[in-house]
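For reference, the structure discussed in these notes is given below.
A quick note: this is a predicted structure, and the numbers were derived from the prediction, not measured.
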Amino acid sequence: MSFINELNKEQLEAVENIEGPNMVIAGAGSGKTRVLTYRIAYMIKNGIDPFNIMALTFTNKAAREMTNRISNIIGNNEALNITMGTFHSVFSRILRLNADRIGYPSNFTIYDSQDSKSLIKDIIKGLNLDDKTYNTNNILSRISSAKNNLISPEVYQADSEIQMEDKMTKRPEIGLIYKTYVNRCLNAGAMDFDDLLYKTNVLLRDFPDALNYYQQKFKYILVDEYQDTNYAQYLIVKKLAAVNENICVVGDDAQSIYSFRGANIQNILNFKKDYPDFKLFKLEQNYRSTKNIVEAANGVISNNKDQIKKRVWTNNSEGNKINVIRCYSDNEEGKIITKKIHEIINFEKVNFNEIAILYRTNKQSRAFEESLRKLNIPYKIYGGISFYQRKEIKDLLAYFRIIANNKDEEALKRIYNYPKRGIGKTSYEKIIISAHEQGVNNWNVFENINEYNVNISNGAKKKIAEFTTMIKSFSAQINNKDAYTIAKDIATSSGILKELYSEKDKGPTEVEKYQNVEELLSGIKSFVNSRTSKESNSLSEFMLDIALLTNEDIDEKSEKNDKNHINLMTIHSSKGLEYKNIYLVGLEENLFPSQMSLSTRKDLEEERRLFYVAITRAKENCTLSYATSRFQWGNLITSEPSRFINEIEPKFLNFEENDQGKSRSLSNKIRQDFGLKTNKIFKSNSLKKLNDLHYDPKINETINSDLKVGYNVKHNRFGKGKITSIDGKGANQKATIFFPHHGSKIVLLRFAKLKIIQE
DNA sequence: CCAGTACTTAGGTTG
DNA sequence: TAAGTACTGG
């Protein structure tokens, strides 16, 4: 293998030490992926059977890319025999093989977080608890963190410390909710994301033969992004590696950004306790970024107390300073950044795919999306709602789910009356109550509606019988027909296709829904075509890890996957990626760092690591921007620049003038801003005050100064009308408009998108 | 049971 | 703002 000249000394050592416990601490841009791929290729070249290797990655995409790269290095398809993927996907497969041992059917459903939330909401309602004290999201994250720490409902309810915490927050029944939730999932033959890790631990704990089998099988274990593993993941790895101790973990404590998901930075710090004779390799040379970027990032991260000692350095050129741009509003930020991008594309001939806009929260993408569209710059938004999460897709999938697994309660809830078939919510609720009284699954009552004494009309009972007959007839066929044939049948017989087809003329959203369903069906068709004769092409097979796929996984497979676009994503999803030009936007206090992270050092340090991750994505140019005002839930809030800008040494920064308002934004004035601290949040009732003081006509383009009394305008909802008066100033400006069909209305100009009609 | 409407409330990152 | 829920009258 000719890799020796492609690796530096430390990298080479990390590649060649394949026995025993190893930890690779890999600074940003230090060639971590290269080390991992070469290491695995080296193992295979040295006679290790790929079937004995397990490599756990952070995303499915990373796993696919690594498999390809290894194949290229070793020159054959052996890499396909490595067990490689995310924790969730690898262990969901193992769980399916062993499902009967832990009381699950092998075709168990995987509940996504929508399903989990909906179930928890149900339980809270069923227990007659106040849904404000028992906030669904809070409860779910509490349950999730219990599972990630392998705390069972019984332990949860018995643990005095936990009980104390819940009493303090006046939610003593969380334990009961947790217990009910677990039972309902078991009853429905469903696992949520956390169960995939939790139940794997149960399997390895309670079934020594299974543990032994997988210990023998996975003689070599590699874990990427180890800093982002949680306790449940840690323990799985520890158990599997216990016999052979050929374990290699790779990570960077400075890039740990998933504690909200239970990730425990201690896992990386504790490695030496579990494996006292471990070897440590530090990759500190950064090959990605310029000196300015590397050193600016080092300075920022040094503000954190908890970290492994290392000094990331680079031989690359000094490069440009980091630009800082001030904007007046979120919309202006969108326009200015987009304009900058437009310029480098046109004048510096930068390719679209060398550019990324990174933000803290998904909703920030909107302003950029709009401006990019106006300038005709192709872009792709990563993350956001996955294809499989769309309502129309989930509805059809719910049919597939319940056909594969009749007990899937969340699927039943979605579709018992979709499309409308005359089974009302009241009837459904009566059935649930009856099922709970009898201690059976909801489906049991559905399929035997006449045997249970449920007080609903005979008409409704008849509809229910028709519905269950349909589902059962499909269930009977599911293993005899290929996925596409049966999926198409279901889409037709259920009435979904007809329903969506008939709504198509309502508007573009409806057309899109129909197209999405068509796309799902054609995806199933190509799934069927791609299967060899040895592989199952059933619908159940297709459904196996649908819940674990992200948009990126889907795009990757699709042929129209055109990479020539600029990239928009959250900082979290930018992990592991690099771009020549990074635009890091929304650098404001309370947004980044997020308001929720301000109360503890631990949370704030994680935000700082997130900031560190963000700037180290940049190879050559990094631009930071912030807006001094921003719309949030219909209210305008003012904001101060993020403290993180201040944490970069000034010698690395270049405060750029915002050329949309040169006269207003002198760089020394920007610096003054940094002295200010807390944000003032203006709620609706104090909006007036704000407008009188701060209003800038350029703040929001929707305010149309061209409007005058007497103009004929068109309103989205009310149609044509005539302006009879305009009053108020700035953002509070409103018009009274007379609409022939709706009478006189007063509208806020900043919300009403009025079009002037030329007479 | 259903459709249209008024009201409420959302804290953020993901497999 | 936007999404989801509760209410109301057909």
When you measure from the side chain of A:Asn201 to the backbone of A:Ala232, do you find a donor-acceptor pair of N or O atoms at a distance under 3.5 Å? yes

Can you pull every protein N or O that's under 3.5 Å from an N or O on nucleotides 4-10 of chain C?
from, atom 1, to, atom 2, distance (Å)
C:dT5, OP1, A:Lys121, NZ, 3.1

What residue among A:Gln632, A:Arg366, A:Arg630 forms side-chain contact (heavy atoms from CB on, under 4.5 Å) with A:Asp330? A:Arg630

Do A:Ser144 and A:Asp194 have a side chain donor and acceptor closer than 3.5 Å? yes

Sub-3.5 Å donor-acceptor pair from the side chain of A:Ser629 to the main-chain atoms of A:Tyr328, do we have one? yes

Where at least one partner belongs to residues 417-426 of chain A, residue pairs that pass side chain to side chain donor-acceptor pair (under 3.5 Å), sequence neighbours excluded: A:Tyr399-A:Arg421

Only one of A:Tyr359, A:Phe260, A:Phe58, A:Tyr382 forms a ring pair (Phe, Tyr, Trp, His ring centres under 6.0 Å) with A:His572, so which one is it? A:Phe260

Pairwise P distance for B:dT13 and C:dG4, with rounding to whole Å: 15 Å

Is A:Arg366 near enough to C:dA2 that one of its side-chain N or O atoms lies under 4.0 angstrom from OP1 or OP2? yes

Rounded off to whole Å, could you give me the CZ-to-P distance for the A:Phe467 and B:dC1 pair? 15 Å

Run the ring-centre check on A:Phe644 versus A:Phe592 and record whether the distance is less than 6.0 Å. yes

Nucleotides 7-15 of chain B: protein proximity per nucleotide (B base, S sugar-phosphate only, - neither; heavy atom, under 4.0 Å): --SBBBBBB

Between P on B:dC1 and NZ on A:Lys463, what's the gap in Å once rounded to a whole number? 11 Å

Looking at every non-hydrogen atom in both residues, tell me the closest pair between A:Tyr579 and A:Ala356 and how far apart they are. CD1-CB, 3.4 Å

